[in-house]
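Keep in mind that the numbers below use all heavy atoms, side chains included, and drop hydrogens, waters and symmetry copies. Everything numeric in this text was worked out from a predicted model, so none of it was measured.
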Amino acid sequence: MSTVRSYLENIFTKYLTLPKFYFTDIIEIILISILFYYIFLWFRKSRAWALLKGISFLVIIMVVAALLNLSTIVWLINKTLSAGIIALVIIFQPELRRALEELGKKNVIFKVLRFSGNNDEEQLDDHSIEEITRATLEMAKAKTGALMVIEREHDLQQFIETGIRVDARISSQLLINIFEKNTPLHDGAVMIVGNRIIAATCYLPLSDSISLSKDLGTRHRAGLGISEVTDGIVIIVSEETGSISVAREGKLIRYADAAILKSELQKAQVIEEEKKTRKFWKGRDRVEEGTGKSEKDTDK
């Protein structure tokens, strides 16, 4: 009996006792958690997310090959593993460069510590969808060429930087005026983030797809190209025919009407749980503030 008791005591002291815990350990855990959270968030908003999923698939193959003792695959992995770090740096070079640039900006700390913001500008609302649809139909009717990119989860900052800053509330009149022929801003793409037109005359990557019809020009190829590297929704109006096309996830929907256009734009209205929570608390603050004002008015 004493042997069993001593054995249980050894297990308890060896595996179940907590290590010494200091206040600095708590600080380290919090800082590392915040760091990993924002690294993960950065991956989700960049092209690196798709690359990371591909690398994860290769890692799973490596583990399965090792468990099943697939000698040839294991040998190939061992030979190429040494060059893996260099390959990752080359693959993620644009994303790493942009991350370091962001880190060097003065307002990076405020971005990290900012837990609330103007939620009205983050989410594409119904009014903005109506304005974009109205502008698109008017430009199609007048055969005015147009190219608009609506941001979803992937960050479009690297493409926004190639254009001219506008930063204005979405309106059909402004969009029509931007794409009017022989105006300074009509050439290139308009970038839309939330409920604002952020930039115009932006340069986009051209698609290399060989399945794209030969009667489509550079505007359609650029719209399809940006949809291949980001999850943004792209609206294209043909200058020759006035037809409307929508590009999303590397696919081109041609001859879209108002119903299809609105349906595609509504897919940009993905509200995350965090945004819902922040909007809820923001609404409560406004109600309490309004209640406070009414009480003051009553006292007077």
Smallest separation among heavy atoms of S245 and Y255, with atom names: OG-N, 4.4 Å
Judged by atom type as modelled, is there a donor-acceptor pair below 3.5 Å linking the side chain of R248 to the main-chain atoms of I253? no
With heavy-atom distances below 4.5 Å as the criterion, would you say the side chains of E151 and I198 are in contact? no
side-chain contact (heavy atoms from CB on, under 4.5 Å) between S238 and H220: does it pass, once the steps are laid out? CA-CA 8 Å; S238 173; H220 288 80; 3.9 Å; yes
Of all the heavy-atom pairs spanning A200 and V166, show the shortest one and how long it is. N-CG2, 3.9 Å
Between the side chain of S263 and the main-chain N/O of A259, is any donor-acceptor distance below 3.5 Å? no
Is there a side-chain contact between L137 and K141 (heavy atoms, below 4.5 Å)? no
If every non-hydrogen atom of S128 is compared with every non-hydrogen atom of R169, which pair is closest and at what distance? OG-NH2, 4.3 Å
Is the shortest heavy-atom distance from the side chain of M148 to the side chain of T136 under 4.5 Å? yes
Can you give me the closest heavy-atom contact between I192 and G194, atom names plus distance? CG2-O, 3.8 Å
Output for pair (I260 CD1, T133 OG1), nearest 0.5 Å, gives 12.0 Å
Any donor-acceptor pair under 3.5 Å linking the side chain of R196 with the backbone of D167? yes
Is the backbone N or O of E180 less than 3.5 Å from a side-chain atom of T183, with the two atoms forming a donor-acceptor pair by type? yes
Report yes if the side chains of V193 and I160 come closer than 4.5 Å at any heavy-atom pair, otherwise no. yes
Candidate pair R152 and I233, rule side-chain contact (heavy atoms from CB on, under 4.5 Å), full reasoning: CA-CA 7 Å; R152 295 180 72 193; I233 296 173; 3.8 Å; yes
Give the intermediate values and the outcome of side-chain hydrogen bond (donor to acceptor under 3.5 Å, both in side chains) for residues S209 and S207. CA-CA 5 Å; S209 175; S207 173; 4.7 Å; no
Check ion pair E131-R134 (N to O, under 4.0 angstrom): yes
Report the distance from atom CD1 of I150 to atom CG of L265, rounding to the nearest 0.5 Å. 5.5 Å
What's the separation between atom CE in M139 and atom CD in E239, rounded to the nearest 0.5 Å? 12.0 Å
How close do R219 and A146 get, counting heavy atoms only, and between which atoms? CD-O, 3.2 Å
Working to the nearest 0.5 angstrom, can you tell me the gap between I197 CD1 and L175 CG? 4.0 Å
Hey, what else clusters with L31 if you join Ile, Leu, Val, Met, Phe, Trp, Tyr whenever side-chain heavy atoms sit under 4.5 Å? F23, I27
Does D215, at its CG atom, have more than 12 non-hydrogen atoms belonging to other residues, nucleotides or ligands within less than 6.0 Å? yes
Hydrophobic clustering (ILVMFWY, side-chain heavy atoms < 4.5 Å, transitive) - are I176 and L174 grouped together? yes
Inter-residue atom distance I236.CD1 - R254.CZ, 0.5 Å rounding: 10.0 Å
Which heavy-atom pair separates S33 from I29 by the least distance, and what is that distance? OG-O, 2.7 Å
Using a 3.5 Å distance criterion without hydrogens, assess whether the side chain of T162 forms a donor-acceptor pair with backbone atoms of Y203. yes
Which residue is it: V237, V234, I226? I am looking for the one with a side-chain contact (heavy atoms from CB on, under 4.5 Å) to L147. V234
To the nearest 0.5 Å, what is the distance between NE2 on H127 and CD1 on I132? 10.0 Å
Co-membership, hydrophobic cluster, residues L252 and L206, 4.5 Å side-chain: no
